[in-house]
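Everything below concerns the one structure shown next.
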Amino acid sequence: MTDKITGDMPKAYDPHSVEAPIYQMWMDKGHFKPVLNPDRDPFCIIMPPPNVTGELHLGHALTVTIEDALIRWHRMLGDPTLWVPGVDHAGIATQNVVEKELAKEGMSRHDLGRSEFEARVWKWVGQIRSRISIQHMRLGASADWDREVFTLDDGPQLAVRETFVRLYNDGLVYRGERIINWCPRCQTALSDLEVDHVETQGSLWYVRYPLLDEAGNPTGEYVVVATTRPETIVGDTGVAVNPDDDRWKAFIGRTALLPVIEHHIPIVADEAVETEFGTGAVKVTPGHDPTDFDIGARHGLPVIVAMDSEAKMNEHAGPLAGLDRMEARKTIVADLERLGLLEKRVDHTHSIGHCSRCDTVVEPIASTQWFVRTEPLARPAIEAVKDGRIEIIPRRFERVYMHWMENIRDWCISRQLWWGHRIPVWYCGDCAELTAAVVDPTECPKCGSAQLEQDPDVLDTWFSSGLWPFSTLGWPDDTESLRTFYPTSVLETGYDILFFWVARMIMLGMYVTGEVPFRHVYLHGLIRDAKGQKMTKSRGNVVDPLDITEKYGTDAARFTFATGGGPGNDFRLFDEKLESSRNFANKLWNASRFVIQSIGDENVALPQVEAGAPDWPLEDRWIVSRSHAVAREVNQLLADFQINETCRVLYDFIWNEYCDWYLEMAKVRLREGDRSPLPVLAHVLQTSLRLLHPLMPFVTETIWQHLRDHVDGLDEALITARFPLGEGEADVEAEEQIGALMDVVRAVRNIRAERGVDPVRYVEAYVVADGVRHTIENGRQIVEALARVRPLHVIADTRDAPSTQVAAAVLAQTQVVVPLAGLIDVDGERDKLTKQLNEAKAEVSRLQGKLADEQFRSKAPENVIAKEEEKLSAARSRVAGLEGRLTELI
RNA sequence: GGGCGGUUAGCUCAGCGGAAGAGCGCUUCGUUCACACCGAAGAGGUCGCAGGUUCAAAUCCUGCACCGCCCACCA
């Protein structure tokens, strides 16, 4: 297996028998490092096998496909400057892996203990990262990096601590009481991004708060507030009105009696209150609403948190204590009604936050947490995109990014989760001093006490992910990798984590390193199921990419993903698409088999394309010219990140032009024992393989290894071959002439099919050719073979062709006449020709009108006018030809 | 409430200023030695609606209608 994939090529392409040996070969040759499952590692180096992640999403598969394609392309160009930071998200996935592992042993993470669990997770993180990213990035690079990778166990933690401490020392991380989103089920704080807002039909209750006089007795007056959350009344510490609201002006400074719980609360004036909404008076609940928290802070109102961590009303909730938030609502509404303080209830839709992980309704709650002060970090991050140091593809997402960055709010980074990066802060048990440190301190720097307690909270997983581009390169150490590969080139990911991950990487990257973490951000769309729905566990419509590779092969999966959606566009995954890609691989396989079998044991050498071309047969010149054009186009498309178009162009070229036309044309000479097409067949095939390799690495490499046995001058491995640049000159003449021949072939085939000519039978045919007569003469054998014509008469004048019992086609440059005694229905023929004549006449008058238009003549560019004139003359000759045919019809 | 995307052949989607494309499906034919995971020939679209810009619009602009996302502290 070290030198070639031996044995005959089976009739059908079988990914299972092909991928593993190729994979093995690459590994043996040191093109990349081993992974745990070399037999069926579906995405070569980068896609971690199932027993490593346990969680492999189609999103990863898509990311990896595009990253890998771009990297392979650049490597083949011999340009070592493309560096892709790679797929993240070892974090969450890894926890799941370890938990599943433990479950097999009948244990839970709690049995293992925190530090032991953490150690095991880190072990996996190191391994996964080494597989999906670093290794990927270093594909084909020299070998000193294993050590680096496998010391990553500690690396990321060090990077996280270092970053946190720097931010803390710069005053960009702080601890404080703010309203955060609390998930009562997960028992943790969440960032704003981890909350999904859902429009919900709810109610707006209008509640009367009795006013008190200075002695504290009710005056009979009321202030009416509107609320969607009456249960939070027990946490109210004020009522706010707009200072300019005439309805309430007189009430400012007075005291209201809070219903049910009977607290005395002040009425304050605050600009934040909208006069249009509700009654214009707002109950202020600083403990349970972010706006109210701010209003309360401005007016010195106390903060009452009336719920516990499970969102049950607590001891501050008076008569509601102990009730769940929903029960509390019913209870208090009933109470208000009984007290005659409920003025009315109206329907009201508003959005309610849900935990993005478990979908529980989150509770905004005042809590002491750690925050990142984001505004100073956002400023350079905005600049970097604005001035083009970072380009987001597609461009429209730059606006989305800007909008978010410009309205960014402080980021709550502490989580009360069980596992994660611990916040590197210690509290002194004796003097309460707070110490942020990279290395665990042994004594309080202030009082020297050893009574230190580390903050029990962990960091938001996106905090560490935000360091990915440099933490994986060994930062904070000054490593060779960091100097070489940072800033990286392209970050590829789904648009759904633009804020979560990309924005944070840019902010933290620029803060820590002073440089952008990457130059381009390529955002792909989301893969949806066949019905267009998002794939989610709860819907049960999640597709495992490994199942796909198992069924259709890795190349088919990759090609489908790559073709799937343009940048930033979602696409639906259908079995039909996968089948189509698989069929394409098979098509390539069989065309290659044909070439290899035709070459046989007598090896051929690759032709000197540039030197020999003009003397070659027309079809050889044509296909070589086309292959150059395709190579140029592919390079341009890849440079523009138009991966899906790249796939399309290659698919069309290989299937339609190479297989359907050129191969069939080449057979004509091959059947006569002429081996002259073989070098060209081999040349265009190997060019196609190189072009396709980034997208379908396995099948192309396998074919390459077979081809190498028969063609001299091919590189040892396709994975290290050069990428075609399409530097050969375009052969316009050959392309035009082949076009004319194809037209003739198609016309005869069409006539045959329409007349029901026996497919085996040869027919006589006349081609009336004027300008292209020489071309048709040259291509006689091709036309005769591909259209089953014998003999083909190339004539100058229509009158030299038979006129009775013939079927005819009038083409742009030629007329095709096929005598078919007994198969011709004169009336039918006349109808057909008449219809075509009418169409051609309409075309002529349309073009005449257009060309007669002064405006068009004076304003349209010359080449367009010339093109239109050409069209007109073609249409005219078509009209003349058709008229001629009609008069010939008996 | 803002913003973005979609609306093109029966289905899924490309194309995004110069004569409507692909895959699948459909119809008719075909097992001549690369491939039935195939070949040949075909049918099938006034490119959501209404205006506008332009010599020229599926393609640019405006408005509208559905569908889908994202963002937003009007209680």
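Naming convention: chains lettered A, B, ... in sequence-line order (proteins, then strands); numbering from 1 in each chain.
Between C4(B), A72(B), G23(B), one nucleotide has an atom nearer to the side chain of R396(A) than all others, and that is C4(B). Here G18(B) is the nucleotide among G18(B), C69(B), A75(B) with the atom lying nearest to any side-chain atom of F856(A). Considering only side-chain atoms of V273(A), the nucleotide from G5(B), C70(B), A75(B) that sits closest is A75(B). Ranking C55(B), A34(B), C70(B) by closeness to the F594(A) side chain, first place goes to A34(B). Listed candidates were C73(B), A14(B), A75(B). Nearest to the side chain of R409(A) is C73(B).
Rounding to the nearest 0.5 angstrom, the gap separating the CD atom in E576(A) from the CG atom in N583(A) is 11.5 Å.
Atom CD of Q201(A) is surrounded by more than 12 heavy atoms from other residues, nucleotides or ligands within 6.0 Å.
Nucleotides G5(B) and A9(B) are separated by 23 Å at their C1' atoms, to the nearest Å. Using atom C1' as the reference point in both A43(B) and G25(B), the two lie 13 Å apart (nearest Å). Separating the C1' atom of U8(B) from that of C16(B) is a span of 12 Å, rounded to the nearest Å. Taking atom C1' on both G17(B) and A58(B), the two are 10 Å apart, rounded to the nearest angstrom.
One can find a donor-acceptor pair under 3.5 Å joining the base of C35(B) and the side-chain atoms of K587(A). At a cut-off of 3.5 angstrom, counting only N and O atoms as typed in the model, there is a donor on one side and an acceptor on the other between the side-chain of K667(A) and the base of A34(B). In the interface, the side chain of Q642(A) is not paired with the base of A14(B) through any donor and acceptor atom under 3.5 Å apart.
Using cut-offs of 30° and 60° on the angle between ring planes, the pair Y651(A) and F559(A) is parallel.
At a threshold of 4.0 angstrom between heavy atoms, the contacts of P364(A) with the nucleic acid are absent.
The two residues P290(A) and I179(A) have their closest heavy-atom pair at CA-CG1, 3.7 Å.
Between R572(A) and C13(B) there is a side-chain N or O to OP1 or OP2 distance below 4.0 Å.
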